Structures are given as C-alpha cells and as structure tokens.
Amino acid sequence: QVQLVESGGGSVQSGGSLRLSCAASGDLQSMSYMGWFRQAPGKEREGVATINSVGSRGYADSVKGRFTISQDKAKNTLYLQMNSLKSEGTAMYYCAADRIWWWLSANYAYWGQGTQVTVSS
C-alpha cells in the first residue's frame with residue numbers, strides 16, 4: 001500500500017554533511033507520521049528523527065543540533081539533513097511511515113530498503 005525509497009547515502013569525511021531523501025508512493029493519505037532510523041553492523045536499529053503532519057519534530061539525543069528532519073508533502077518526500085557527521089553515524093539509514101506516531105520507536109508500519117552512509121575519520 002505504501003512504498004518508501006531512500007536515496008542520498010554515500011561516503012563522507014568526518015565533519016562533513018549529507019542529505020538523505022525518502023520518496024513515498026502509494027496510499028499516503030493516512031500516513032501522517034514519518035521517521036528516520038539507522039542500524040550499524042552488530043547493533044540494533046535506533047530512531048534518529050521523527051516528524052508529524054504539522055511539522056513537530058523529535059530527535060535522538062545523539063544527533064540533536066546536527067541533524068534536521070523535514071518533509072515536502074507536495075512531493076511526497078522526507079528529508080534528513082545530516083551535518084557534522086561522526087564515525088558513529090556509519091550505518092544503514094531507513095525511513096519509515098505510519099498513521100500512528102511512534103516517535104523514535106521502531107514500530108512503524110512501512111519501511112524503505114535503506115541507504116548506506118559511511119563516515120570516515
């Protein structure tokens with residue numbers, strides 16, 4: 001019913017920036033809440049940032065002040081601007097959507113395939 005496709009990942013030097021995009025398609029009318037998650041090798045998936053339909057945002061403590069989540073509803077696209085990247089940011093990044101606001105908990109109904117981000121020191 002809903003498809004999510006991430007893009008924008010790649011390799012970047014520590015301290016650099018990347019902008020991730022998540023293109024959504026399908027039945028999106030009830031998908032009021034979205035989020036970004038990441039998972040590093042050997043670690044659990046963790047919430048990074050979330051946003052609701054009116055633009056309220058939430059962030060993990062580890063990325064506050066450095067990452068910004070935003071959305072363009074007209075284009076059905078979610079973004080994650082990542083600045084001052086650290087080596088700990090190396091992970092597969094996923095976007096997620098649901099009609100329930102799960103905040104940073106990984107309970108969203110729809111998920112993308114992920115885009116890899118590698119931060120080198």
Side-chain angles (χ1 to χ4, degrees):
Q1 297 182 17
V2 175
Q3 295 185 61
L4 304 172
V5 181
E6 302 92 338
S7 62
S11 298
V12 64
Q13 297 283 342
S14 179
S17 299
L18 281 176
R19 183 180 176 87
L20 305 183
S21 298
C22 174
S25 61
D27 186 4
L28 306 174
Q29 292 183 317
S30 62
M31 301 297 105
S32 299
Y33 310 104
M34 301 188 75
W36 284 99
F37 292 76
R38 65 186 180 186
Q39 187 167 22
K43 299 186 66 177
E44 69 281 359
R45 186 170 299 186
E46 63 176 353
V48 174
T50 187
I51 189 169
N52 72 3
S53 60
V54 296
S56 295
R57 305 166 183 174
Y59 297 94
D61 289 340
S62 60
V63 306
K64 286 181 179 177
R66 299 187 296 114
F67 289 14
T68 302
I69 186 172
S70 62
Q71 62 185 13
D72 186 337
K73 288 195 170 184
K75 297 181 178 180
N76 294 324
T77 302
L78 180 74
Y79 302 97
L80 182 66
Q81 178 66 48
M82 305 185 293
N83 297 326
S84 301
L85 281 162
K86 303 176 181 179
S87 59
E88 293 80 15
T90 295
M92 184 73 75
Y93 284 72
Y94 303 89
C95 65
D98 209 323
R99 65 188 186 93
I100 299 173
W101 202 359
W102 297 105
W103 288 90
L104 299 179
S105 296
N107 300 120
Y108 289 79
Y110 300 96
W111 295 83
Q113 292 296 310
T115 184
Q116 179 67 41
V117 172
T118 301
V119 184
S120 60
S121 301

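All heavy atoms count here, side chains included; hydrogens, waters and symmetry mates do not. Treat the numbers as computed from the prediction; the structure is a model and nothing was measured.
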So, for [X] and [Y], which heavy atoms are closest and what is the spacing to 0.1 Å?
| X | Y | answer |
| --- | --- | --- |
| S17 | N83 | OG-OD1, 2.9 Å |
| S21 | T77 | CB-CG2, 4.3 Å |
| D27 | V2 | O-CG2, 3.2 Å |
| G47 | A60 | O-CB, 3.4 Å |

* Answer yes if the ring centres of W36 and F67 are under 6.0 angstrom apart, and no otherwise. => no
Could you check whether any side-chain heavy atom of [X] comes within less than 4.5 Å of a side-chain heavy atom of [Y], counting everything from C-beta outward?
| X | Y | result |
| --- | --- | --- |
| L80 | R38 | no |
| S70 | R57 | yes |
| S14 | S87 | no |
| L4 | L78 | no |
| T50 | Y108 | yes |
| Q39 | Y94 | yes |

Check whether any side-chain N or O of [X] sits under 3.5 Å from a backbone N or O of [Y] as a donor-acceptor pair, and report yes or no.
| X | Y | result |
| --- | --- | --- |
| Q71 | G55 | no |
| E6 | L20 | no |
| S53 | S32 | no |
| N76 | S25 | no |

Same apolar cluster: [X] and [Y], side chain cutoff 4.5 Å:
| X | Y | value |
| --- | --- | --- |
| V117 | Y79 | no |
| W102 | Y110 | no |
| W111 | Y93 | no |
| F37 | V5 | no |
| L18 | V63 | yes |

* Start with the C-alpha distance between V119 and M82, add both sets of side-chain angles, then the distance that settles side chain to side chain contact (heavy atoms under 4.5 Å, CB included), and finish with yes or no. => CA-CA 11 Å; V119 184; M82 305 185 293; over 6 Å; no
A quick test of your reading: do over 12 heavy atoms of other residues, nucleotides or ligands sit less than 6.0 Å from [atom1] of [X]?
| X | atom1 | result |
| --- | --- | --- |
| R99 | CZ | no |
| Q3 | CD | no |
| Q116 | CD | yes |
| K86 | NZ | no |

So how far is it from [X] [atom1] to [Y] [atom2], rounded to the nearest 0.5 Å?
| X | Y | atom1 | atom2 | value |
| --- | --- | --- | --- | --- |
| M34 | N52 | CE | CG | 12.5 Å |
| R66 | L85 | CZ | CG | 6.5 Å |
| L104 | R45 | CG | CZ | 14.0 Å |
| S105 | I100 | OG | CD1 | 12.0 Å |

* To do: Determine, stepwise, if the pair Y59 / T68 fulfils side chain to side chain contact (heavy atoms under 4.5 Å, CB included).
  => CA-CA 8 Å; Y59 297 94; T68 302; 3.8 Å; yes
* Asked: Hey, what's the ring geometry for W103 with W101, parallel, tilted or perpendicular (30° and 60° as the breaks)?
  ->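 Judged by the thresholds at 30° and 60°, the geometry between W103 and W101 is parallel.
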